[in-house]
Amino acid sequence: MSEGGKQQRTQQKRQQPQANLDNGQHQASQDGTANGASKRPGPQATSTPPRKKARLSGPAPAPAVSSIQEQRRLLPIAKGREALVAEIRANEVTVLLGETGSGKTTQVPQYLLEAGLAGAAGLIGITQPRRVAALSLAARVALEQGAPVGGTVGYAVRFDERCGAGTRIKYMTDGMLGRELLGDPLLSRYKVVVVDEAHERTLRTDLLLANLKRILRVRNGESGDNRNPLKVVIMSATLDAEKFSRFFSNAKIVYVKGRQHPVKIFHAVQGQTDYVDAALRTFFQIHVDQPPGDVLVFLPGQEDIESLDAAIMLFARQLPAGAPEVLVVPMFAALAGEKMGRIFGATPRGARKCILATNIAETSITIPGVRYVIDTGKAKEKRFLAGAVGGGFDTLLTRDIARANAMQRAGRAGREGPGFCYRLYTEDAFRAMAPAAEPEILRTGLAGSMLQLLCLGQDLQELELMDAPDVEAVSSALRTLFLLGALDSTRALTEMGRAMAAFPLEPPLARALLASKELGCTAEVLDIVSVLAASAPLFIDAGEQRGASVEARRKFVHPAGDHLTLLNAVHAYAAVGGGGADAKETEEKEEGVGRSARKEWARAHFVNERVLREARSIRAQLVGVCAREGLDARASVGDDADPMLLALAHGLAQNAALLMPDGTYKQVMGQAIVKIHPSSTMADKKVPAIIYNELVYTNQIYARGVSSIPKSFFASLGAFNRRAA
DNA sequence: GTCTCGGTA
């Protein structure tokens, strides 16, 4: 959507105020009051932030209950407790279909422990795709067990672990259990592994399932060590249950009913071409006609969110006096921390909150007070295209969501009471959607996973996976690892590869860090890669304040490009309020003065402080690995840019492009013409050679995170010498 | 001329 298009839309709406709202736009679905949401599992407990503990037992239409044990007994799953435990006892693998609100995630581990299925001292591990879920579940279940977190019930997520000698139930991220495999390939401490939210089919869940199948063969097999058998419980949505069952030799499927408020679903009568406009009209239709309750709108991305935000505010000002106030709250992952907090603030009396969210609100964040959901049926999806020579690239395109996601979105309206979902697409369009999203392992680059598996002595191609990736994706990953020097020409893991795998980083970043050893700039490369490994961009792109943000950050800009600009910002932040990059100890004890000064500095420079804090944690972890791998984390070259750029180039060798006579950039390893992303400090600079963090196709193939390097670097990069082979 | 979402001792 162009800037001009947005303007035009806004203008049109100004001339046709809310009188134009289309009341006949929606019709109730055939299954009107049927709550599509109840077909989708995903216990609310898993996605509720820690501070919302009180809501973990789910929406409680049941009579008020006083004790925690009474609440446990009233959960739908409690009725089937004996039968469930008997099934799990009788089978090595059980697939458990639990609807939302069944209580399966909190209760099953306790049932198994109390039934003695973990033996006298064995562990029950429950994996989650998201860390907040692991944290909040452990807190709730510890409360139910009457023990402190870290006692009988503990958790393990990156940067944070609370488990003791007496811990028997361990909530953890699936990535963390994947890491544990490296040191204990048979997971011998675990008597039971429960894989929760398996229907999400994340990359880590799929790799874990493949490993569990392998472990079962060894620990439970006839020829194997039968003294320490493992039990596996897969928790999933109805849709995928049979597939999980088939994967685990037709494992028994057990169904548990949920408890969820009904959500009435309306479909559009006609297909909508402009979903932002349709969402605008639907919102005001709700706002004018419907009883109080907040509205959650699902949109594909930041651009649409900002566009709808502006349009809603424009109309809200034209509402007649006395109409309820409208409070628009945008929500997407790149948002700074303080703005995220607005989501959880209570809606002022007489006002209506309208949350404009990406699919972050589908699973990761649960917003209280939502009664109405507006679903555009769209989401952005990142997909790795391996086919292209030169390492391939990602596409980031808006696509139709799957039916399972549509049902999950609808369910967000029924968390606290009966709700309503307005789909901006027809019922036929809903039926035409794919039943479930494609598993992540088929959409993503695999170099990192492949390196991890090789360290376990496994091969991605030989591993029995639920869905095997394409040959092109596998060979692209092998090629990347070979060019980085992690594999030799016989595909065997090298010393370099083993060292790279020790770092919790993507292979290119790990390679850059290792290259910093010879170049004496480990301190600087650590600063840079830890920010790149964080979960959001450092610099906030603040919509209409875009000009101001560019101006505020001008002082960080380094002529060599984005990587050193980033480093300047990290250094500047560390200098504010006296807190250095390594000053974690003192900082925590420090008075609020330095802390508020840093916060204000970050706000003024449009820098995401949450990202800086996350990067600091990552950096501290990397420093620990550096010590074991023989890198001096304090080695610094001061302001000398060339060693840092050369170290980065060793990791990003596949991501290099040269300026052509016609002013475009062409990949060095590959044929693609790439364009420098407009957000880069190198946009329009026309330097002879660049390296970049990633290539993303949206409207064009954009290089993001770009630095200028001397052409003379290429000759010294191992990747270029290996390329011929 | 612009950036869905997760995660790793």
Side-chain angles (χ1 to χ4, degrees), chain A residues 1-4 47 127-134 156-161 163 172-184 197 200-205 207-208 298-306 331-335 357-365 378-383 394-399 401 405 437 440 443-444 448-449 451-452 455 501-506 509-510 533-543 546 549-550 608 614 617-618 620-625 628 675-680 683-684 693-694 696-700 702-705:
Chain A
M1 182 70 55
S2 71
E3 199 61 36
S47 48
T127 69
Q128 297 291 323
R130 285 164 292 278
R131 40 181 293 140
V132 280
V157 300
R158 190 182 188 184
F159 308 130
D160 198 0
E161 175 164 7
C163 287
M172 60 208 301
T173 49
D174 41 21
M176 189 58 90
L177 193 56
R179 274 276 152 182
E180 283 191 19
L181 274 172
L182 293 176
D184 179 9
E197 312 282 17
E200 291 189 20
R201 301 294 308 277
T202 66
L203 176 61
R204 274 165 294 278
T205 298
L207 292 173
L208 180 60
F298 284 100
L299 293 151
Q302 182 175 356
E303 186 182 11
D304 289 326
I305 287 172
E306 286 169 356
M331 179 82 248
F332 45 93
L335 219 55
T358 61
N359 49 11
I360 193 172
E362 226 176 270
T363 50
S364 302
I365 289 185
K378 304 282 181 188
K380 284 197 184 180
E381 182 188 84
K382 204 167 188 178
R383 178 176 287 266
D394 288 313
T395 60
L396 183 58
L397 300 171
T398 299
R399 294 194 55 189
I401 59 172
N405 300 82
E440 189 185 4
R443 301 194 320 249
T444 191
S449 304
L451 184 60
Q452 292 298 324
C455 283
F503 290 94
L505 292 170
E506 287 299 309
L509 296 183
S535 56
L538 176 61
F539 296 126
I540 295 163
D541 190 341
R546 201 161 273 165
S549 63
V550 169
N608 195 338
E614 186 186 347
S617 297
I618 294 170
Q621 201 173 65
L622 296 176
V623 166
V625 182
R628 290 195 291 279
K675 197 164 164 56
I676 297 177
H677 194 274
S679 65
S680 170
D684 303 322
N693 295 328
E694 59 173 357
V696 182
Y697 175 82
T698 51
N699 298 310
Q700 304 182 69
Y702 286 113
R704 298 203 296 208

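The figures that follow rest on heavy atoms only: side chains count, while hydrogens, waters and symmetry mates do not. Here is the naming used below: chain letters follow the sequence lines, and residue numbers restart at 1 for every chain.
The phosphate of dC5(B) (OP1 or OP2) has no side-chain N or O of Ser364(A) nearer than 4.0 angstrom. OP1 or OP2 of dT8(B) has at least one side-chain nitrogen or oxygen of Thr173(A) nearer than 4.0 Å. Considering only side-chain N and O atoms, Thr358(A) lies under 4.0 angstrom from the phosphate OP1 or OP2 of dC5(B). Side-chain N/O atoms of Thr698(A) include one lying less than 4.0 angstrom from OP1 or OP2 on dC3(B). Proximity of Asn699(A) to the phosphate of dG1(B): no side-chain N or O atom is located under 4.0 Å from OP1 or OP2.
Within the nucleic acid shown, Glu440(A) comes within 4.0 Å of at least one base atom, counting heavy atoms only. Among the protein residues, Phe159(A) comes within range of no part of the nucleic acid, since none of its heavy atoms lies under 4.0 Å from any strand. Residue contacts shown for Phe503(A) are absent, as no nucleic acid heavy atom lies under 4.0 Å away. If you check every strand for non-hydrogen atoms under 4.0 Å, Leu396(A) touches a base. Using a 4.0 Å heavy-atom distance criterion, Pro129(A) is classed as a sugar-phosphate-only contact. At a threshold of 4.0 angstrom between heavy atoms, the contacts of Glu180(A) with the nucleic acid are absent.
The side chain of Glu506(A) has dT8(B) as its nearest neighbour among dT8(B), dT2(B), dT4(B). Side chain of Arg131(A), nearest nucleotide from dC3(B), dC5(B), dG7(B): dG7(B). Nearest to the side chain of Ala333(A), among dT8(B), dG1(B), dG6(B), sits dG6(B). Minimum atom distance to the side chain of Asp684(A) is reached by dG1(B), of the listed dG1(B), dT8(B), dC3(B). If you check dT8(B), dG7(B), dC3(B) against the side chain of Arg130(A), the one that comes closest is dG7(B).
Nearer to the 5' terminus of DNA chain B, by closest-nucleotide assignment, is the contact made by Ala379(A) (compared with the other of Ala379(A) and Ser535(A)). Residues Asp541(A) and Gly175(A) both approach DNA chain B. Their nearest nucleotides, taken by heavy-atom distance, put Asp541(A) toward the 5′ side.
The two residues Arg131(A) and Arg158(A) come nearest to each other via the heavy atoms NH1-O, 2.6 Å.
At distances below 3.5 Å, not a single donor-acceptor pair connects side-chain atoms of Glu440(A) with backbone N or O atoms of Thr202(A). Counting only distance, with no hydrogens or angles, the side chain of Glu694(A) and the backbone of Asp394(A) share no donor-acceptor pair below 3.5 Å. Not a single donor-acceptor pair under 3.5 Å links the side chain of Thr173(A) to the backbone N or O of Val157(A).
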